[in-house]
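As the structure lists them, so they are numbered: ligands from 1, and atoms in each ligand from 1.
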Amino acid sequence: MELDLRNKVVVVTGAARGIGAVIAQRFAGEGSTVVAFDLAFPDPAEEPVAAHPVEQVLCNVTDPESVQAAVDEVARRHGTIDVLVNNAGINVEGPVAEIAWERWKACFDVNVGGVFLMSQAVAPLMQAAGGGRIINAASFAAIVPSVASAAYSASKSAVVQLTRVLASELGPWDITVNAYAPGMVPTAMNGFAEMPTEAQDRLLDTLSLRRWESPDDVANLLIFLASDAASYITGTLLDVSGGKLATQIPARAYGR
Ligand code: NAI
């Protein structure tokens with residue numbers, strides 16, 4: 001099966017670091033023209049040279065003017081946007097009793113509002129082109145939430161419902177809209193890899209595939225979703241969590 005993404009214009013939000021940076025590199029490796037959106041980018045002098053070229057545009061996905069200006073800039077440079085990956089997200093932790101209202105709102109502004117604004121700005125380009133792909137970062141937390149993750153889990157569940165509605169509204173233009181649910185990818189957002197061994201073991205024991213997820217595991221799914229091979233998949237939430245809690249105690253299979 002050929003997943004040909006050459007000549008596609010791909011925008012990845014939140015792509016200055018973490019999973020988004022790898023997603024951007026992987027699409028660029030497939031021959032796509034990739035534009036990374038983020039609040040700021042690292043100094044290139046302090047970064048290893050990237051394997052593939054990725055353009056950078058400053059964009060705050062919570063700000064309608066910033067979003068429109070960034071989308072207009074891509075349209076000016078490349079004419080259209082074929083694939084939008086709404087990866088930008090923040091984690092707000094804490095029990096409901098303690099989450100400050102401002103933090104709650106910030107979580108929804110980025111995680112849900114960002115998907116809303118970006119999709120609203122990019123959809124007209126895709127409609128004019130008669131097709132496109134919107135791929136939204138949800139989370140396993142949208143399937144089973146954790147204690148002290150009310151803001152994050154609720155925001156990611158909202159992303160799933162927004163995805164379904166967008167899929168139906170944009171279906172007439174052959175634009176597919178899907179969400180994906182990673183499980184546990186060690187990044188700056190969660191610090192999994194820096195936790196004490198026992199804490200890491202407790203988390204790994206929830207996985208059928210008892211290993212941390214890599215950003216490439218996520219990127220592999222996204223490349224498929226962006227390709228012609230996935231043209232009949234829309235409105236779904238795809239679990240890419242390594243079988244997190246697929247069974248009640250997956251660690252039993254490992255004799256733990
Ligand atoms: P990260 O914190 O390493 O990277 C997030 C990026 O989003 C950063 O570059 C940040 O500057 C950018 N960003 C934040 N607010 C923004 C805004 N207002 N406008 C533009 N960019 C903004 O996070 P990570 O771990 O790479 O996560 C990426 C996505 O995957 C997020 O949506 C996250 O919720 C989701 N996810 C991550 C999981 C994990 O285990 N790391 C698990 C499930 C979902």
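Close N/O approach between Val185 and ligand 1 is found [any backbone or side-chain N/O within under 3.5 Å]. At least one N or O atom of Asn87, backbone or side chain, sits closer than 3.5 Å to an N or O atom of ligand 1. For the pair Val61 and ligand 1, the shortest N or O to N or O distance falls below 3.5 Å.
Taking the charged nitrogens against the carboxylate oxygens, Arg133 and Asp82 have no contact shorter than 4.0 Å, which rules out a salt bridge. With respect to Arg256 and Asp201, a salt bridge is recorded, a charged nitrogen being found less than 4.0 Å from a carboxylate O. No salt bridge links Asp205 with Arg252; every basic N to acidic carboxylate O contact stays at or beyond 4.0 Å. The pair Arg211-Asp217 meets the salt-bridge criterion, since a charged nitrogen lies less than 4.0 angstrom from a carboxylate oxygen. The pair Arg77-Glu73 meets the salt-bridge criterion, with a side-chain N (NZ, NE, NH1 or NH2) lying under 4.0 Å from an Asp/Glu carboxylate O.
Nearest non-hydrogen protein atom to atom 21 (N) of ligand 1 is Asp38 OD1, 3.5 Å. Annotation: atom 25 (O) of ligand 1 to nearest protein heavy atom, Thr187 OG1, 2.6 Å. Considering only non-hydrogen protein atoms, atom 2 (O) of ligand 1 sits nearest to Arg17 NH2, 2.6 Å. Of all protein heavy atoms, the one lying nearest to atom 23 (O) of ligand 1 is Met189 CE, 3.5 Å. Distance from atom 5 (C) of ligand 1 to its nearest protein heavy atom, with residue and atom name: Gly89 O, 3.8 Å.
Ligand-side atoms of ligand 1 in range of Gly18: 3 (O), 26 (O), range being under 4.0 angstrom from any heavy atom. Of all the atoms in ligand 1, the ones that sit under 4.0 Å from a non-hydrogen atom of Thr62 are 18 (N). Near Met184, meaning under 4.0 Å from one of its heavy atoms, ligand 1 places the atoms 40 (O). Distances below 4.0 Å separate heavy atoms of Gly183 from the following atoms of ligand 1: 40 (O), 42 (C).
A 6.0 Å sphere centred on CG of Asn7 holds no more than 12 heavy atoms belonging to other residues, nucleotides or ligands. For Phe140, the CZ atom is densely surrounded, since the number of other residues' heavy atoms within 6.0 Å is greater than 12.
In terms of modelled atom types and a separation under 3.5 Å, the side chain of Asn111 and the main chain of Lys156 share no donor-acceptor contact. Not one N or O on the side chain of Asn178 forms a donor-acceptor pair closer than 3.5 Å with the backbone of Ile135.
Not a single heavy atom of Thr13 sits closer than 4.0 Å to an atom of ligand 1. Judged by the shortest distance from any of its heavy atoms, Tyr152 lies inside the 4.0 Å radius around the atoms of ligand 1. For Lys156, the closest heavy-atom approach to ligand 1 falls below 4.0 Å.
With atom 14 (C) of ligand 1 as the reference point, the heavy atom nearest to it among Asn60, Ile90, Ile19 is part of Ile90. Closest to atom 44 (C) of ligand 1 by heavy atom, among Ala137, Gly113, Pro186, Ala138, is Ala138. Counting only non-hydrogen atoms, the option in Ala16, Gly14, Cys59 that gets closest to atom 20 (C) of ligand 1 is Cys59.
Between the side chains of Asp239 and Ser241, a donor-acceptor pair is found at a separation under 3.5 Å. Looking only at atom types and distance, the side chain of Glu30 has no donor-acceptor partner in the side chain of His52 under 3.5 Å away.
Contact annotation: the side chain of Tyr152 never approaches that of Val92 to less than 4.5 Å [non-hydrogen atoms, C-beta and beyond].
Residue-level proximity to ligand 1 for Asn190 is carried by the side chain, the only part with a heavy atom below 4.0 angstrom.
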